[in-house]
2 protein chains.
Amino acid sequence: MRLTTKGRYAVTAMLDLALHSDNGPVSLADISQRQGISLSYLEQLFAKLRKQTLVSSVRGPGGGYRLSRANDQIFVAQIVDAVNESVDATGCKGKNDCQSGTTCLTHHLWCDLSDQIHDFLSQISLAQLVSRKDVRLVAQRQENEQLVHTGEIDQSSKINAELLN
Amino acid sequence: MRLTTKGRYAVTAMLDLALHSDNGPVSLADISQRQGISLSYLEQLFAKLRKQTLVSSVRGPGGGYRLSRANDQIFVAQIVDAVNESVDATGCKGKNDCQSGTTCLTHHLWCDLSDQIHDFLSQISLAQLVSRKDVRLVAQRQENEQLVHTGEIDQSSKINAELLN
DNA sequence: ATTTAACCCAGTACTTTAGTAGGTTATTTA
DNA sequence: TAAATAACCTACTAAAGTACTGGGTTAAAT
């Protein structure tokens with residue numbers, strides 16, 4: 001089992017997408033700026049998310065990505081799975097051949113843990129995350145920072161943005 | 001977060017220790033043979049387990065390792081923690097500085113997941129694992145295999161050992 | 001025609017894993 | 001007391017995966 005920045009980035013990016021889905025497709029450049037993830041790396045992650053039909057793409061100016069389903073139909077477990085970070089805690093992927101073809105001593109323990117993690121992440125939808133207060137606060141701060149960066153608001157407003165943090 | 005063979009090996013070895021604690025200290029050579037883990041690698045893992053006072057050692061012939069506490073006072077989470085860094089799923093180790101000094105969008109989600117995993121593994125003691133039927137079956141098979149390997153029982157008994165699997 | 005942004009590859013520095021190798025020290029047993 | 005045993009210690013390594021960077025091509029909007 002493995003949960004590193006790869007899976008965290010994928011979920012973060014998908015949540016960014018869910019948060020900014022009002023005004024048409026969201027470009028990876030925007031996500032990159034707001035979430036501090038390199039553009040090329042995002043492209044690699046979204047290639048996998050697209051293969052798993054979690055997102056759909058629109059090419060050309062004004063294009064980007066949008067969720068391919070309603071945000072209450074996309075779950076964290078699916079996103080983590082899509083970028084090849086299996087939530088499976090066993091070494092044999094549940095095949096019972098952990099120790100040279102036979103079951104290892106702790107096989108069932110890791111199966112139980114895998115179920116536990118999978119159940120937890122399968123119950124959390126993007127919609128749930130979007131409605132969380134802590135998520136909305138961070139999202140608002142990020143939007144303010146982006147406006148400052150693109151010069152759309154002045155320095156005095158930036159102070160307010162910092163107070164939000 | 002990371003749960004690979006490293007943590008699985010550690011828990012498996014500790015469970016082997018708990019299962020064979022009747023007849024004095026257990027040598028790493030025995031564990032290596034029964035669990036199919038390289039001896040040198042086991043030595044590295046047990047150096048860490050010893051630092052965390054989960055095991056104590058006896059040197060010289062007939063020596064080996066024993067649990068430093070009763071098997072109902074040692075929990076899976078402690079073993080995994082001892083060899084891995086932790087079962088923490090956040091990138092910032094709970095420090096809230098995931099995104100260049102500030103909280104990232106999904107910080108709280110990974111905190112919740114970390115708590116979930118930690119709670120689960122903290123509730124499972126070696127004593128509980130020892131009493132599990134699936135564990136006892138595998139352990140019995142491994143002991144039979146070991147006897148065959150050391151020539152202490154003959155080939156006809158090996159057939160019975162295979163039937164156990 | 002130009003710009004935008006997805007799409008696609010190839011490479012790479014870095015870290016971790018899971019091990020190997022080769023010793024030293026402490027303790028028991030013959 | 002010598003030999004055997006098993007912990008203890010240090011260093012090295014192949015392979016794999018992570019988290020990028022860079023340099024393109026293709027599709028669609030202005």
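Throughout, protein chains are lettered first and strands after them, A, B, ... in sequence-line order, and every chain is numbered starting at 1.
A heavy atom lying under 4.0 Å from DNA chain C marks the following residues of residues 46-64 of chain B, by number: B/R59, B/G60, B/P61. Shown for residues 13-29 of chain A: no residue has heavy atoms falling under 4.0 angstrom of DNA chain D.
Considering B/L129, B/V83, B/L49, B/I31 in turn, B/L49 is the only one that fulfils the side chain to side chain contact (heavy atoms under 4.5 Å, CB included) rule with B/M14.
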Show me the donor-acceptor pairs, under 3.5 Å and distance only, between side chains in residues 17-26 of chain B and residues at least two apart or in other chains.
unit_1: B/H20; atom_1: ND1; unit_2: B/D16; atom_2: O; d: 2.8
unit_1: B/H20; atom_1: ND1; unit_2: B/D16; atom_2: OD1; d: 3.4
unit_1: B/H20; atom_1: NE2; unit_2: B/E143; atom_2: OE2; d: 3.0
unit_1: B/S21; atom_1: OG; unit_2: B/A18; atom_2: O; d: 3.1

List the atom pairs, with distances to 0.1 Å, where a side-chain N or O of residues 59-78 of chain B and a protein N or O form a donor-acceptor pair under 3.5 Å, not counting sequence neighbours.
unit_1: B/S68; atom_1: OG; unit_2: B/T53; atom_2: O; d: 2.6
unit_1: B/S68; atom_1: OG; unit_2: B/L54; atom_2: O; d: 3.0
unit_1: B/R69; atom_1: NH1; unit_2: B/Q73; atom_2: O; d: 3.0
unit_1: B/Q78; atom_1: OE1; unit_2: B/F75; atom_2: N; d: 2.9

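Residue pairs satisfying the salt bridge (Lys or Arg N to Asp or Glu O under 4.0 Å) criterion with at least one member in residues 96-107 of chain B, sequence neighbours excluded, are absent. For residues 45-58 of chain B, no residue pair satisfies the salt bridge (Lys or Arg N to Asp or Glu O under 4.0 Å) rule, not counting sequence neighbours. The list of salt bridge (Lys or Arg N to Asp or Glu O under 4.0 Å) pairs with a residue in residues 113-124 of chain B, not counting sequence neighbours, is empty. Screening residues 130-139 of chain A for side chain to side chain donor-acceptor pair (under 3.5 Å) gives A/R132-A/D134, A/R132-B/D112, A/D134-B/H108 as the qualifying pairs, with residues at least two apart or on separate chains.
Atom-to-atom distance recorded for A/L15:CG and B/L105:CG is 5.0 Å, nearest 0.5 angstrom.
Within the 4.0 Å cut-off from OP1 or OP2 of D/dG22, not a single side-chain nitrogen or oxygen of A/S40 is found. Note on B/Y9: a side-chain N or O is less than 4.0 Å away from OP1 or OP2 of C/dG19.
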List every contact pair, protein side and nucleotides 11-14 of chain C side both N or O, where the distance is under 3.5 Å.
none

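Residues that satisfy the side chain to side chain contact (heavy atoms under 4.5 Å, CB included) test with B/C104, not counting sequence neighbours, are B/C98, B/Q99, B/T106, B/H107. Residues forming a side chain to side chain donor-acceptor pair (under 3.5 Å) with A/S114 (at least two apart in sequence, or on another chain): A/D88.
Protein atom CD1 of A/I37 is 16 Å distant from nucleotide atom C1' of D/dT21, rounded to whole Å. With rounding to whole Å, B/R66 atom CZ is found 12 Å from D/dA7 atom P. Atom-to-atom, OH of B/Y41 to P of D/dA14 comes out at 17 Å; the value is rounded to the nearest Å. Residue B/Y65 contributes atom OH, which lies 14 Å from atom C1' of D/dT5 at whole-angstrom precision. One can place CG of B/L39 at 15 Å from C1' of D/dT10, the figure rounded to the nearest angstrom. The distance from atom CD of B/E43 to atom P of C/dT24 is 15 Å, rounded to the nearest whole Å. As rounded to whole Å, 5 Å separates atom P of D/dT18 from atom NZ of A/K6.
Counting all heavy atoms, side chain and backbone alike, A/I37 lies closest to A/Y41 at CG2-CD2, 4.4 Å.
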